[in-house]
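Encoded as structure tokens, the structure appears first; notes follow it.
Chain identifiers are assigned alphabetically (A, B, ...) following the order of the sequence lines, protein sequences preceding nucleic acid strands; residue numbering begins at 1 within each chain.
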Protein chains: 2
Amino acid sequence: MTVRTADRTLDIFENFAHRQRPITVADLARELSLPTSTCFALVRTLVDRGFLYYLRPRGAFYPTRRLGWVAEAIGHHVPIAQNVRPLLEALRDATGETVILGKLQGQGVIYLEIIESRLAIRYTMTVGAVRELHASSIGKAIVAAMDEEPRERLLAKLKYPKLTEHTIRNRAQYMKSLDEGRKRGYWTNVGESSPDVMGVALSVRIFGDLYGINLVGPQSRFDRHLKSYVDALKATVRKVGAVRMALCSD
Amino acid sequence: MTVRTADRTLDIFENFAHRQRPITVADLARELSLPTSTCFALVRTLVDRGFLYYLRPRGAFYPTRRLGWVAEAIGHHVPIAQNVRPLLEALRDATGETVILGKLQGQGVIYLEIIESRLAIRYTMTVGAVRELHASSIGKAIVAAMDEEPRERLLAKLKYPKLTEHTIRNRAQYMKSLDEGRKRGYWTNVGESSPDVMGVALSVRIFGDLYGINLVGPQSRFDRHLKSYVDALKATVRKVGAVRMALCSD
DNA sequence: GATAGGAATTCCTATATATGAATTAAGATC
DNA sequence: GATCTTAATTCATATATAGGAATTCCTATC
């Protein structure tokens, strides 16, 4: 179903991202629960490719800057990064809250851009994280905007696992929540994925594809500022929807 | 000897770094000369992990910012990056030429830091690249600084493949070149790896390990400025050698 | 300088994976 | 709207790989 070695390759880099210092083969094997020989072969491959280097022969190793170089080359040309990100940053600055750009991915929502709040109490999440569709404001906004028949196919597969006391647990509740969003003009997640966390979301088409944008943060702040947050979100979505493909020839 | 799937995982990211736009499974499989099904499984894994995302279902995909996030987390804490890089940048600014920090890796030299010249005609190379030991000024500086017996072991394994008209082709010539360097106080590579490219290098110990630093560029400029280049390099090496472990507890 | 302990590295084979072929789905064309 | 084309996805099996055990190589300690 999934390629083990690829997973492990990513594990290695993510492990370095956490530890942030050199490590030996034996220790890395322990940390990742791998047989030493397996870990050794993997490390050798990454060293051969210039992604890791030994500080001394047979000693500890660390990533070179090559991964950073590759990531930079990739990142600078994402159409979304160029055109949409600045607008999301403006929204973060206007509201002070964390802003997320998400997209349907299988039966979840993947977080593509996260512009973090600068406030002490804030919502924090990793880029690339995939969250439950039924407990996400972005998810609701996107599902509400989908065509009848792909939505049907999607909903047929949805489970509604309990994440908090307020998690939506079945399709009827979910449809009701979507409808409330339609009437209200925006979709919410009030403590449905984590306690005290609230999000408000809208969907938007970018280059023909469907995305969701939300504001997330502590429920208390959202209670106080809801109206202005929603207005700011709506304004942003209008601007994002107006972005044209000018810069993205192919 | 090397793990195929890990290689392919890196291939995918490097491929995106070159192409810089979304691609479908079939096209990626073609580009990497993989069976579609193999490519598909790999992509699914990377998507599951949040490193790739589909712009639309069954359509083209592109890396998320997760790789960038990981690379950033890794990069900011390399002891060398923190302590040594600024000194190398100063050397680049003082001379105008490309500055490289390298290290022995197997029977080659791996490029760990590359501070590129800003001049129109410059030496350009990718971080993580591994170059031939016998045709590298950094290589000579490092080998010259090694202890007798590890050096013997290393030299016993060295081949001397021809890269240009001036490449050193055997051990005798190599030893002679090392000796000239010792007398002169610095080591050189004059068109031995690529035509018209010249480098001057010194070795330096950082946190107890052996590295090499060089200046590389077009031979014509080096002919004109050799003395000042070498002086600047020596001054930099002095400063780098004085860097202490203060910031690198473990 | 010898010895011991621990790690890196190699080696062999059970096992997981890669892949060619088959199937299903989407989208283009008439 | 039906047919055709192309691509995505699944599946069974030959094949490459993972991992336990053995070996070699360091390095710390006596």
Side-chain angles (χ1 to χ4, degrees), chain A residues 1-12 22-49 52-62 104-107 146-154 156-157 208-210, chain B residues 1-12 22-49 52-62 104-107 146-154 156-157 207-210 250:
Chain A
M1 183 121 278
T2 176
V3 182
R4 193 167 46 162
T5 305
D7 267 316
R8 288 169 171 178
T9 303
L10 301 176
D11 287 341
I12 290 182
I23 194 171
T24 61
V25 170
D27 289 343
L28 183 60
R30 254 187 294 281
E31 288 220 8
L32 301 179
S33 312
L34 297 179
T36 321
S37 55
T38 301
C39 188
F40 173 75
L42 243 180
V43 167
R44 176 169 50 195
T45 304
L46 301 187
V47 168
D48 277 2
R49 288 288 294 254
L52 301 178
Y53 76 103
Y54 280 93
L55 303 213
R56 61 186 60 182
R58 299 172 59 102
F61 46 85
Y62 199 78
L104 192 65
Q105 177 102 275
Q107 288 149 251
M146 285 172 73
D147 291 332
E148 185 58 27
E149 138 231 19
R151 174 169 56 210
E152 269 316 305
R153 233 174 309 143
L154 179 61
K157 282 181 269 179
D209 298 321
L210 195 54
Chain B
M1 182 120 277
T2 176
V3 183
R4 191 169 48 162
T5 304
D7 267 317
R8 289 170 171 177
T9 303
L10 301 176
D11 287 341
I12 289 182
I23 193 171
T24 61
V25 171
D27 288 343
L28 183 60
R30 254 187 294 281
E31 288 220 8
L32 302 179
S33 313
L34 296 178
T36 319
S37 53
T38 301
C39 189
F40 174 75
L42 243 181
V43 167
R44 176 168 51 195
T45 304
L46 301 187
V47 168
D48 277 2
R49 289 288 294 255
L52 300 180
Y53 75 103
Y54 279 93
L55 302 214
R56 61 186 59 183
R58 300 173 59 100
F61 46 86
Y62 199 79
L104 193 63
Q105 177 100 276
Q107 290 150 250
M146 285 173 74
D147 291 332
E148 185 60 26
E149 137 229 23
R151 174 170 55 212
E152 269 316 303
R153 232 174 311 142
L154 179 61
K157 283 182 269 179
F207 308 138
D209 298 321
L210 194 54
D250 37 4

Under 3.5 Å, side chain of B:T45 to main-chain N/O of A:V3, donor-acceptor pair present?
yes

With a 4.0 Å limit, can you tell me whether A:T5 has a side-chain N or O closer than that to the phosphate oxygens OP1/OP2 of D:dA18?
yes

Could you report the tightest heavy-atom contact between B:K157 and B:Q107, atom names first, then the distance?
O-NE2, 3.3 Å

Starting at the 5' end of DNA chain D, which residue's closest nucleotide do you reach first, A:P57 or A:S37?
A:S37

Need two values: the first and the last nucleotide of DNA chain C, 5' to 3', having an atom under 4.0 Å from any heavy-atom of chain B.
C:dA18 to C:dA26

What bend angle does the helix from C:dG1-D:dC30 to C:dC30-D:dG1 show across its length, from five-pair end axes and to the nearest 10 degrees?
50°

What residues from residues 38-45 of chain A pass a heavy-atom cutoff of under 4.0 Å to DNA chain C?
A:F40, A:R44

Sugar-phosphate, base or nothing in reach of A:Y54, heavy atoms under 4.0 Å
sugar-phosphate

Closest contact, heavy atoms only, A:T9 versus B:A6
OG1-CB, 3.6 Å

Sequence neighbours left out, what passes ring pair (Phe, Tyr, Trp, His ring centres under 6.0 Å) with A:Y54? Give chain and number order.
A:F61

So does B:R30 pair up with B:D27, basic N to acidic O under 4.0 Å?
yes

Value rounded to 0.5 Å, distance of CG in A:L28 from CG in A:D11
9.5 Å

Near DNA chain C, which residues from residues 25-35 of chain B have a heavy atom under 4.0 Å away?
B:P35

Say you draw a straight line from CG of A:L42 to CG of A:L32; how long is it, rounded to the nearest 0.5 Å?
9.0 Å

Quick check: closest heavy atoms across B:M1 and A:R44, and the distance to 0.1 Å?
O-NE, 2.8 Å

CD of A:E152 to CG of A:D147: how many Å apart, nearest 0.5 Å?
12.0 Å

Salt bridge (Lys or Arg N to Asp or Glu O under 4.0 Å) with B:D48: which residues, sequence neighbours excluded?
none

To the closest 0.5 Å, what do you measure between OG1 (A:T2) and CG (A:D7)?
4.5 Å

Looking at CZ of A:R4 and CG of A:L34, how far apart are the two atoms once the value is rounded to the nearest 0.5 Å?
9.0 Å

When all nucleic acid strands are considered with a 4.0 Å heavy-atom cut-off, which category describes A:R56: base, sugar-phosphate, or nothing?
nothing

Looking at every non-hydrogen atom in both residues, tell me the closest pair between B:L55 and B:P22 and how far apart they are.
CD1-CG, 3.7 Å

D:dA7 phosphate, OP1 or OP2: any side-chain N/O from B:R58 under 4.0 angstrom?
no

Touch class at under 4.0 angstrom, heavy-atom based, for B:T24 against every strand present
sugar-phosphate

